Structures are given as C-alpha cells and as structure tokens.
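Just so you know, these numbers come straight off a predicted model, no measurement behind them. Counting starts at 1 for both ligands and their atoms, following the listed order.
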Amino acid sequence: MSESIARGLEGVNVTATKLCRIDGIKGELIYSGYDIFDLAQNSTFEEVAFLLWNLRLPSAAELASLKATLLSERNLSDLNSRVLTEIVGQIRPMRALEMAVITAGALDKNSSDLTNSQLKQTAARLTAIMPTVLARFHRLRQGLEPVPPRDDLGHSANFLWMLNGREPNALEQRVFDVAMILHAEHEMNASTFSALVTASTLSDMYSAIASAIGTLKGPLHGGANEAVYKLVEAIGSEQNIASHVEALLARGERVMGIGHRVYKTTDPRAIILEKLGHELAETSPDRKYFDLSLKLRDYLARKLEGKPLYPNVDFFSASVYKMLGIPSDLYTPIFAMSRITGWTAHLLEQYADNRLVRPNALYEGASNRPYTPITSR
Ligand code: ACO
C-alpha cells in the first residue's frame, strides 16, 4: 500500500475512457476522436450528444430519431412543475436543477434498471428536461407565464426561446449552440468523477447526476463562470483592473476563470468563446462586460507572465452569456444543461464495466487512547 497522497488526485488515472482526450500542454480537446475546433465549426449540440452516447457521429436518420426523443422527453411531470412553482423565489436555479433531477428519478419506475438501453433513455430524458426546468424556473421567478417549447427549433435555440419568449436570431442560436458543444464533455473533471463515484456503488443515474450537479456548483469548477461575471462587474471599468486584481491577489484569493488543473496554456474552449464574443459584440448593446474581460485578460497575461495561468472555459462564457441576455445565476446551470451529455456518457462507460471506487486515506490521527467516561471528561 502506497504511503504517499495524490492531493486532489492530480495526475491519477481513475479509469479508461473512449470519450475525451485533453492535451493540456498543446491546448487540445478531442471528443471521441473529433477536435473541438472542428465540432464547434461544423456540428450541433444534438450531434455531439449522439457522439458522446454512441462514440460515433449519427446518420441523418439517427439524428432525426434522437431529436424526436428529446422533443418527446422535454415536458415536465406534474410533480416537477409543482415543485418548481413551490420553490421559486426561495432557492437558486442550480439547486432547482438538482431537485428536478431527483424528482424525475423518484418518479421513474425504471430508475434502477442499469441496462444500456434504459440508461440511454434516461440520459436523453435528463438532457431534454433541463432546459425546460431552467426556463420555467426563470419565467416563474419573474412572475411570467412559462413559454411552451417549440418543435421547429433545435435544442439550444428552443431553450433561449423558452427563457426569453423571443426567438433568438441566427447568430445567437449558433453562438449558444456552440457554447453547448464546448461544455458538453471534459474527461475526468471533478463533477464527472463524483458522478462516477456514485454510480460505482450501482446507485442509479439520477442520483449520480445529482451528485455531479452539486459538484459542478462550486466556484473552483463550473461555478467559476458566474464568479467571473461578478469579478468583472466588481471591477467595473478598465482603470480599476490593476488595483482590483492586486488587492484580490494580496488577500490570497484567486482570479476566477483563470488557471486549470490540466491546461497549462489557454483552454481551446476559451479561444472559441472569445471569437464568438467578438461576433456577438458587433451588434450587442451589452458588450461592456466582454470588452472589460478582454482588457482583464490582457492585464493578467502581463501580470501572471511565466506562471501557467491562462483563461479557462469560464473566462469568456460569462460575457458571451451576458450578451445573449442571460442572467448570471443561470450560467452554471447552463453548464450543467450541456455537461449532462458528458456526465451520462461517462456513466454509460462506468455501468458497462463497473468497479466500486473506494480509495484509502492515510491515517494521521491519535492512537491508543483509552476511553474516558463522560463524567470524567
Ligand atoms: N488565480 C491566482 N492564482 C492561481 C489561480 C488563480 N485563478 N489558479 C491557481 N493559482 C495559483 C495557486 O495559488 C498556486 O500558487 P502557489 O503554487 O504559489 O501556491 C498555483 O497556482 C497552483 O494552484 P493549485 O490550486 O494547486 O492548482 P489546481 O490545479 O489545484 O487548481 C483551479 C486548478 C482550481 C482551476 C485553479 O486554477 C483555480 O482556482 N482557478 C480559478 C477558478 C476557476 O476558474 N475554476 C474553473 C476551472 S475550469 C472548470 O472547472 C470548468
């Protein structure tokens, strides 16, 4: 038994996967053999979902069938609708998403069926309901009627439609769909790992996804996109960047959206999101945050020169979502709305070749202590 500790499990392979490969030095991200730049340029979120669940791109008929499944699964149960109505205004949307997943699991009589076909059905169901949950939650908290989904819009465009009650233009549709593609999968990140740990006990997919959502929420992981928004908002204008960042680092805090366990160069997803940001900014009335993010990025490149700290996916997703008119507390739930595909794809692999995840901890506590009765303590 090793006496060393892999803090944060850095550099440890916990499993093998056919889903995703990252080269953190070159800045490469590959989904099942396809480069992320290629997918962002040419694919759609639904195609990427199929790719992750089947390890190959779909035929036209297979893609149509997946889209039909997503349409048929996206309506909420009465219970889930009622739960949302009850909790709206009291909790944040990420928690609402977690509750919706748990409620869906509680109502699914087949939840403990861990066969591949049933698990794929569950994966599609969870992917389909997440946009409905978030859009409905957002409408209800504004005192607005939920907007019914539209069959003629793709998965991403339909979410923006249900959220805002306005059909997104072609650029908005494309940008948001690409953002969904970029967030879909990322090898053995913290939330995927927590999903695997849960599944490795042969608990069901709903509970595994609820674990993943709880893990994604933290600001060192998916919660960083909202934290980036708050940082840029707090900085406010270009002349405050240096003083704000200096003070933050002096307090021992981190600059959100910067740094990554695996990438020691700019995250390729940040490169793509920055490019999309420039396209959106041409016509957006809300480009201030994007412009300030660019200035912040340039300042940090000078300030942190020589350190392996570069923008990650969350750095530009915040200002891109801002330009799409999305409120900041939905940024992390939207991350989950995309990553559900990667999480469930890893769960398919895990259930197909399961072994309980049960590491050790090195004991450093006291030893040989005689028990003292409470009256003598
Ligand atoms: N700002 C300032 N310093 C940083 C940052 C940062 N964002 N990130 C790392 N560092 C410094 C640490 O202080 C540490 O310095 P030291 O060696 O002098 O003590 C060094 O870099 C290494 O940091 P670790 O925490 O050991 O690196 P780790 O791999 O554990 O952390 C993490 C990765 C959590 C992403 C980190 O870079 C961070 O906190 N970033 C900000 C939060 C963020 O953007 N998270 C999203 C990541 S992408 C995603 O999950 C979707």
Side-chain angles (χ1 to χ4, degrees), residues 5-12 14 19-20 22-25 27-29 31 36 94 179-196 211-235 241-242 244-274 293 296-321 328 330-343 346:
I5 298 170
R7 279 199 83 221
L9 297 184
E10 182 168 6
V12 175
V14 294
L19 288 166
C20 181
I22 303 169
D23 186 323
I25 304 299
E28 285 178 355
L29 171 58
Y31 291 178
I36 197 65
M94 197 63 172
M180 290 282 285
I181 292 170
L182 299 179
H183 288 83
E185 163 55 15
H186 211 236
E187 203 233 33
M188 199 43 58
N189 54 85
S191 55
T192 300
F193 181 56
S194 83
L196 286 201
S211 306
I213 293 172
T215 307
L216 186 71
K217 183 150 57 73
L220 296 189
H221 190 15
N225 54 13
E226 187 183 0
V228 170
Y229 175 79
K230 286 183 180 154
L231 171 68
V232 176
E233 192 180 40
I235 290 173
I241 290 178
H244 195 100
V245 172
E246 296 283 352
L248 183 154
L249 292 176
R251 291 194 300 272
E253 293 174 17
R254 291 174 177 218
V255 187
M256 290 293 137
I258 298 290
H260 198 276
R261 176 61 65 79
V262 181
Y263 293 116
K264 301 306 165 199
T265 182
T266 302
D267 183 333
R269 301 167 298 176
I271 295 171
I272 297 168
L273 283 166
E274 179 187 347
S293 300
L296 176 62
R297 188 268 315 270
D298 293 343
Y299 170 79
L300 290 169
R302 294 191 300 276
K303 172 86 187 155
L304 302 171
E305 198 182 350
K307 296 188 176 175
L309 297 172
Y310 301 88
N312 59 48
V313 66
D314 297 311
F315 191 82
F316 284 114
S317 63
S319 48
V320 164
Y321 293 155
S328 60
L330 291 183
Y331 297 174
T332 311
I334 286 171
F335 193 149
M337 196 175 97
S338 160
R339 183 58 60 81
I340 180 65
T341 51
W343 286 333
H346 279 278

Side-chain donor-acceptor contacts of residues 313-320 below 3.5 Å, not counting sequence neighbours, with atom names and distances?
residue: Ser317; atom: OG; partner: Val313; partner atom: O; Å: 3.4
residue: Ser317; atom: OG; partner: Asp314; partner atom: O; Å: 3.4
residue: Ser319; atom: OG; partner: Phe316; partner atom: O; Å: 3.4

Under the ring-ring contact (aromatic ring centres under 6.0 Å, His included) test, residues paired with His244 that sit two or more places apart = none
Show me the short polar-atom pairs for ligand 1: any N or O of it lying under 3.5 Å from a protein N or O, with distances only.
residue: ligand 1; atom: 1 (N); partner: Val255; partner atom: N; Å: 3.0
residue: ligand 1; atom: 7 (N); partner: Val255; partner atom: O; Å: 2.8
residue: ligand 1; atom: 7 (N); partner: Ile258; partner atom: O; Å: 2.8
residue: ligand 1; atom: 25 (O); partner: Arg254; partner atom: NH1; Å: 2.9
residue: ligand 1; atom: 25 (O); partner: Arg254; partner atom: NH2; Å: 2.8
residue: ligand 1; atom: 29 (O); partner: Arg261; partner atom: NE; Å: 2.8
residue: ligand 1; atom: 30 (O); partner: Arg261; partner atom: NH2; Å: 3.0
residue: ligand 1; atom: 39 (O); partner: Arg254; partner atom: NH1; Å: 2.9
residue: ligand 1; atom: 40 (N); partner: Ile258; partner atom: O; Å: 2.8
residue: ligand 1; atom: 44 (O); partner: Gly257; partner atom: N; Å: 2.8
residue: ligand 1; atom: 44 (O); partner: Asn312; partner atom: ND2; Å: 2.9
residue: ligand 1; atom: 45 (N); partner: Leu220; partner atom: O; Å: 2.9
residue: ligand 1; atom: 50 (O); partner: His221; partner atom: ND1; Å: 2.8

Please list, chain by chain and in numerical order, all residues satisfying salt bridge (Lys or Arg N to Asp or Glu O under 4.0 Å) with Arg339, sequence neighbours excluded.
-> none
Report yes if some heavy atom in the side chain of [X] is under 4.5 Å from a heavy atom in the side chain of [Y]; otherwise report no.
X: Ile181; Y: Ile272; result: no
X: Leu330; Y: Tyr321; result: no
X: His183; Y: Met337; result: no

